[in-house]
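Just so we're clear, the structure is a prediction, and the values are computed from it rather than from any experiment.
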Amino acid sequence: QVQLVESGGGLVQPGGSLRLSCAASGFTLDYYTIGWFRQAPGKEREGVSCITASDGSTYYADSVKGRFTISRDNAKNTVYLQMNSLKPEDTAVYYCAAALYGSSLSDWYDYWGQGTQVTVSS
C-alpha cells in the first residue's frame with residue numbers, strides 16, 4: 001500500500017523551530033520529487049518547498065526562503081523540512097506529496113500525506 005506519513009508538527013512559539021518528517025511506504029522516494037505544501041484556515045493551499053529526484057535541487061517559496069530547509073534521506077525513505085525562525089503566519093496544516101514526473105511545486109503530485117498541524121503562537 002502506497003502511503004506518505006507526515007510527523008513532527010506541533011505548537012511552537014514565534015522564533016522557534018520544528019522539523020517535519022515525511023516517511024514513505026509502499027514505494028521508493030528516490031525516484032520522486034517531494035514537495036511540502038501547507039494550507040491555513042480559509043486560505044488556498046500553497047507550495048512551500050520541493051526537492052527533485054534527479055539531482056536533489058531544492059526550491060523554496062519566497063515566504064520561507066532562508067528559514068526552511070528541505071532534505072532527503074533515501075536510505076530511510078524519508079524527506080525532512082527543517083523550519084526555523086517560525087512566524088505566526090506559518091501556522092497551517094503541512095502536507096508532503098510525491099511527484100513521479102514533476103520537478104517543481106506547480107507540477108502534478110501523485111501521492112499525498114494526511115497532513116500535520118503546525119501552530120506558531122505565544
Side-chain angles (χ1 to χ4, degrees):
Q1 181 182 4
V2 172
Q3 197 173 15
L4 287 171
V5 178
E6 303 95 336
S7 62
L11 173 64
V12 64
Q13 291 186 343
S17 298
L18 284 174
R19 188 177 80 157
L20 305 183
S21 298
C22 172
S25 59
F27 70 107
T28 302
L29 283 181
D30 302 31
Y31 306 111
Y32 289 78
T33 289
I34 305 300
W36 283 97
F37 299 81
R38 68 186 181 185
Q39 188 165 21
K43 294 187 177 181
E44 291 188 356
R45 186 178 66 200
E46 66 169 333
V48 174
S49 178
C50 69
I51 183 166
T52 64
S54 56
D55 60 1
S57 295
T58 58
Y59 300 90
Y60 299 93
D62 288 343
S63 58
V64 306
K65 204 170 291 182
R67 301 187 296 123
F68 290 11
T69 303
I70 191 170
S71 61
R72 64 195 305 158
D73 185 337
N74 289 339
K76 295 183 177 180
N77 218 25
T78 300
V79 170
Y80 304 98
L81 184 69
Q82 178 67 44
M83 306 187 297
N84 298 329
S85 302
L86 283 162
K87 305 175 181 180
E89 51 263 43
D90 295 317
T91 296
V93 177
Y94 283 71
Y95 302 88
C96 68
L100 182 59
Y101 298 110
S103 60
S104 74
L105 290 168
S106 59
D107 288 326
W108 176 264
Y109 281 75
D110 304 278
Y111 306 121
W112 290 81
Q114 83 291 345
T116 185
Q117 176 70 47
V118 171
T119 302
V120 184
S121 175
S122 54

In the single-linkage hydrophobic clustering (I, L, V, M, F, W, Y; side-chain heavy atoms under 4.5 Å), do Tyr32 and Trp108 co-cluster? no

Report yes or no: do Thr28 and Asp30 form a side-chain donor-acceptor pair below 3.5 Å? no

Just verifying a value: how many Å separate Ser103 OG and Ile51 CD1, rounded to the nearest 0.5 Å? 13.0 Å

Nearest 0.5 Å please: distance from the OG1 atom of Thr52 over to the CZ atom of Arg72. 7.5 Å

Please assess Ser17 against Gln82 for the test side chain to side chain contact (heavy atoms under 4.5 Å, CB included), listing each intermediate value before the final yes or no. CA-CA 7 Å; Ser17 298; Gln82 178 67 44; 3.9 Å; yes

Are Val5 and Leu20 connected, step by step, through hydrophobic side chains (Ile, Leu, Val, Met, Phe, Trp, Tyr) whose heavy atoms are closer than 4.5 Å? no

When hydrophobic residues are tied together by side-chain contacts of less than 4.5 Å, even through go-betweens, does Phe68 share a cluster with Val118? yes

Pairwise distance OG1(Thr78) to CG(Leu4) - rounded to 0.5 angstrom: 10.0 Å

Hey, what's the ring geometry for Tyr111 with Phe27, parallel, tilted or perpendicular (30° and 60° as the breaks)? tilted

To the nearest 0.5 Å, what is the distance between CZ on Arg19 and OG on Ser7? 9.0 Å

When you look at NZ of Lys65, are more than 12 heavy atoms from neighbouring residues, nucleotides or ligands closer to it than 6.0 Å? yes

Are Val12 and Met83 connected, step by step, through hydrophobic side chains (Ile, Leu, Val, Met, Phe, Trp, Tyr) whose heavy atoms are closer than 4.5 Å? yes

What's the shortest heavy-atom distance between Arg45 and Gln39, and which atoms? N-NE2, 3.8 Å

Any idea how Phe37 and Tyr109 line up, ring-wise: parallel (<30°), tilted (30 to 60°), or perpendicular (>60°)? perpendicular

Determine whether a donor-acceptor pair (N or O, by modelled atom type, separation under 3.5 Å) exists between the side chain of Ser21 and the backbone of Glu6. no

For Trp36 and Val79: C-alpha separation, side-chain torsions, deciding distance, then whether side chain to side chain contact (heavy atoms under 4.5 Å, CB included) applies. CA-CA 9 Å; Trp36 283 97; Val79 170; 3.8 Å; yes

Atom pair OG1 (Thr91) and CD (Gln117), whose distance is rounded to the nearest 0.5 Å: 7.5 Å

Looking at every non-hydrogen atom in both residues, tell me the closest pair between Ala92 and Tyr94 and how far apart they are. O-CD1, 3.4 Å

Is Thr33 reaching over with its side chain to a backbone N or O of Gly102, donor-acceptor style, under 3.5 angstrom? yes

Hey, mind stepping through Val64 and Arg38 against side chain to side chain contact (heavy atoms under 4.5 Å, CB included) and telling me if it holds? CA-CA 12 Å; Val64 306; Arg38 68 186 181 185; 3.9 Å; yes

Would you say the side chain of Ile34 lies within less than 4.5 Å of the side chain of Leu29, judging by non-hydrogen atoms? yes

OG1 of Thr58 to CD1 of Ile70, rounded to nearest 0.5 Å, is 7.5 Å

Using the rule that two of Ile, Leu, Val, Met, Phe, Trp, Tyr join whenever any of their side-chain heavy atoms come within less than 4.5 Å, decide whether Leu81 and Leu86 are in one cluster. yes

Can Tyr80 and Thr69 be said to form a side chain to side chain contact (heavy atoms under 4.5 Å, CB included), step by step? CA-CA 8 Å; Tyr80 304 98; Thr69 303; over 6 Å; no

Taking Ala24's backbone N and O only, do any of them form a donor-acceptor pair with Asn77's side chain (distance below 3.5 Å, no angle check)? yes

